[in-house]
Amino acid sequence: MEGNIITVDTETTGLNPYRGHRIFCWGYMTDKGEYGFCSKSKESIAWLKKLLNDSTKTIVFHNAKFDLKMLMFEGIDIFNLKADIHCTLILSKLYSISGKYNLRSLAQQYCNRDTTDKDEIILWLKRNGRQFVKENGRPPNFKDAPIELVKKRCLWDVESTLLLFIALRKKVTWDKELSKLYDTERKIMYVCIDMENTGVKVDRARAIKLKQECKWGVRTLQKLLNSIVCPLQIREEKVIDFKANSSALHLPAAFKKLGIRLEYRTKPKIIGKNEGKWSFDRYSMLQYTHKHLIKLMRVSSEKGWKIKDFYKIFAAQVKKYRLKKKDCFPAIVLKIREQIKLISTYYDNILNESIVNTGILHGTFNPSQAITGRFSSSNPINLQNIPRLSGPRECFICRDNTVNVYFDYKQVEMKFFVHFAKDKLMAKAIEEDIHIYVATQIYKLPKEQITKEQRQRAKGINFGIIYGAGPNKIAETLTKDGLPTNEYEARVLFESYHESFPSVQETTNKIRLKLLREGYISNPFGRRYHIPTHLAYKGLNYLCQGTSADLMKESMARIWSFLNVNGLKSKIIQTIHDELIVEIAMDEQEIIPRIKSLMEDHKRFFLPITVDISVSTSRWSEKEEWKITL
DNA sequence: TCCCCTTGCCC
DNA sequence: GTACGGGCAAGGGGAC
């Protein structure tokens, strides 16, 4: 083969190798115009393996993480390839101007490729799907499509990838910072694959038990709801089973029947055109909730009460205050929705997606999905939004002979916020308690007089401000968090905040100017954010989020190399934005401080970036502060 | 059956 | 005059 740059694309029977999906063919193209397409066979994989280990070659994929992972399942040692591996998805995300990163749009945008043809395989799957299921008892995948279509698509893809690589590589590598980011992202591919491959261990029996408890709650609360509002007249139909998730039909009808006047609407889609639909989210529902039940709702969520305990106290309250059925309605709707959510989003997935014998759950982490640079997690389950208090974390357990260690960047987004605003007073306060300090400023009280609730309010405002919130949104968030705040109160606090910390608005103004002049802003790692000027208020948040994300990525790459170079058994298993979960082998616990120091950064930023450590020897829900026990 | 909307979980 | 950042997934229900 003459070409030294070779693009490769594998076609697979699906997206999840842990569900048995595999490569069935692949194609390539070189910068000298050579190309080929072949079915998977022992020989063709051996040939590809040799290519991937030719140190004179540059191999390019579009979304290399995916192809490499699939190749791993063909027995290729992807972690020690000799060829130089590149990825046009990462390149295009780093160069980032458009919001679309599938190969078709990129090829059109950067390579002027014609994309008027529809994707013929997708069309084929759509046209023949139903018939196929009838004949084969399963939906068709790419392998079932006519091979000429697959070949055509595959070759189109490798050609586009090649053009894209040539167009983008220099744009990224000419910039020193972007080039470094690119190298980190390429390492992160392997970290991610390793992490996904290791998976997390779940306790299926516990998930079954907790699911049963929730189901009891749903049954009990559902009976109550039905007895309160059914039969319910919806159009011509008499509904006898009320759906608490139906905010379009059932909830408005139920409120009407109970004689509760509706007050809150969702944001209209087209401003002014439409006044929005009735809203029944937690914020609105709490406004309709009876005063004797509000505290119960708050405490039960805060403490993560099991449904039976909630129900006991709830029944007692109802009796004590002689509440009518209609008084209980909003609270019951909220509670049943919590239970439904726990079952369908968490317990069902934990049970359906973990491997029955081993209890291992393989999630997917995507390092280049979020525009800020954060990871996202999905498929088959999002491992980054597991509830902290209400049960599911009990199902995540340690593997035998390991402990799970949680390395948490302490207040990291807050620190970067101060870093960008360069606010000296805040910087000083962050070492002690930033939320109390902000409370002293906005309430104009000495810190001894700050109540727990005022601190919590200040905390809500701090995060709201980082996210670019206005007074209304702050009121909403605080109320949802169990701190009832009206819009007037929120406005006073909001203004008081900006009077105390003028540096914050100054920073946003600077960002706006920079966007006006250059069209983008960059974080300290050189990651660029193209933001339209009228959305400049997002800039500060992108910087905080993105800086924290890039710091985490660098750390992960370092830690992963450290573990590998030293031949350690311990594994990175999860990342939740500013938290890294490492499964530490029982006999390797001495590396915990080392990992901490690989993550911390005392030099580069306005404030030292430090790490807190927690550890669990049993369940995620049981994690506690780490004390040196070496 | 597909897709939008609403809701709700995480940081 | 304006307004909570980034994600993912599920259920309901209208559109086709």
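A, B, ... follow the sequence lines: proteins, then strands. Residue 1 opens every chain.
If you check distances only, the side chain of A:Thr477 does reach the base of C:dC4 with a donor-acceptor pair under 3.5 Å. A donor-acceptor contact under 3.5 angstrom links the side-chain atoms of A:Arg374 to the base of B:dC11. A:Asn385 contributes a side-chain N or O that forms a donor-acceptor pair with the base of B:dC9 under 3.5 Å. If you check distances only, the side chain of A:Lys341 does reach the base of B:dG8 with a donor-acceptor pair under 3.5 Å.
Rounded to whole angstrom, the span from the CG atom of A:Asn366 across to the P atom of C:dA9 amounts to 11 Å. With rounding to whole Å, A:Asn541 atom CG is found 12 Å from C:dC4 atom P. Computed from coordinates, the A:Glu338 CD to C:dA9 P distance equals 21 Å when rounded to whole Å. Rounded to whole angstrom, the span from the NZ atom of A:Lys277 across to the C1' atom of C:dG14 amounts to 9 Å. A:Glu353 places its CD atom 10 Å from the P atom of C:dA9, with the value rounded to the nearest Å. Rounded to an integer number of Å, the gap from A:Asn245 CG to B:dC5 P is 18 Å. Rounding to whole angstrom units, NZ of residue A:Lys415 and C1' of B:dC11 are separated by 16 Å. For A:Asn462 and C:dG5, the CG to C1' distance is 15 Å, given to the nearest whole Å.
A sub-4.0 Å separation between OP1 or OP2 of B:dT6 and a side-chain N or O of A:Thr266 is present. For the pair A:Lys473 and C:dG5, the criterion of a side-chain N or O lying under 4.0 Å from OP1 or OP2 is not met. Phosphate proximity of C:dC4 to A:Lys267: present, with a side-chain N or O under 4.0 Å from OP1 or OP2. Considering only side-chain N and O atoms, A:Ser377 lies nowhere under 4.0 angstrom from the phosphate OP1 or OP2 of C:dG7. Regarding contacts with the backbone of C:dT2, every side-chain N or O of A:Tyr537 stays at 4.0 angstrom or more from both OP1 and OP2. For the pair A:Thr372 and C:dG7, the criterion of a side-chain N or O lying under 4.0 Å from OP1 or OP2 is not met. For B:dC10, the OP1/OP2 oxygens have no side-chain nitrogen or oxygen of A:Arg388 closer than 4.0 Å.
Taking the centre of each ring, A:Phe255 and A:Phe329 come in below the 6.0 Å mark. A ring-centre distance under 6.0 Å is not found for A:Phe605 and A:Phe420. Separation of the A:Tyr542 and A:Tyr529 ring centroids falls under the 6.0 Å cut-off.
Here, B:dG8 and C:dT2 have their P atoms 27 Å apart, quoted to the whole Å.
If you check every strand for non-hydrogen atoms under 4.0 Å, A:Asn379 touches sugar and phosphate atoms only. Contacts of A:Phe280 with the nucleic acid, taken as non-hydrogen atoms under 4.0 Å apart, involve only primed sugar atoms and P, OP1 or OP2. Using a 4.0 Å heavy-atom cutoff across all strands shown, A:Arg235 reaches sugar-phosphate atoms only and no base atom. Contacts of A:Leu540 with the nucleic acid, taken as non-hydrogen atoms under 4.0 Å apart, are absent. Counting any heavy atom pair closer than 4.0 Å across all strands shown, A:Leu249 reaches sugar-phosphate atoms only and no base atom. In this structure, A:Pro392 reaches neither bases nor backbone, as no heavy-atom distance under 4.0 Å exists between it and the strands shown.
The side chain of A:Ser376 sits closest to C:dG7 out of C:dA10, C:dG12, C:dG7. You'll find that the side chain of A:Arg393 is closest to B:dC10, out of C:dG14, B:dC10, C:dG12. Of the candidate nucleotides C:dG13, C:dA10, B:dG8, C:dA10 has the atom nearest to the side chain of A:Ser344. In the set B:dG8, C:dG6, C:dA9, B:dG8 carries the atom at the smallest distance from any side-chain atom of A:Asp281. Comparing C:dC4, B:dG8, C:dG13 by their nearest atom to the side chain of A:Arg282 picks out B:dG8.
Contact detail for A:Lys553 and A:Ile188: the closest heavy-atom pair is O-CD1, 3.4 Å.
A:Glu394 pairs with exactly one of A:Arg204, A:Arg619, A:Lys306 by the salt bridge (charged side-chain N to carboxylate O under 4.0 Å, His left out) rule, that one being A:Lys306.
Geometrically, A:Lys623 engages A:Tyr406 in a cation-pi contact, judged by NZ or CZ lying under 6.0 Å from the ring centre and within 45° of the ring axis. Annotation: cation-pi geometry not satisfied between A:Lys415 and A:Phe606 (NZ/CZ under 6.0 angstrom from ring centroid, within 45° of ring axis).
Sequence order on DNA chain C of the closest nucleotides to A:Gln384 and A:His250 puts A:Gln384 first from the 5' end. Of the two residues contacting DNA chain C, namely A:Gln369 and A:Gly468, the nearest-nucleotide position lying further toward the 5' end is that of A:Gly468.
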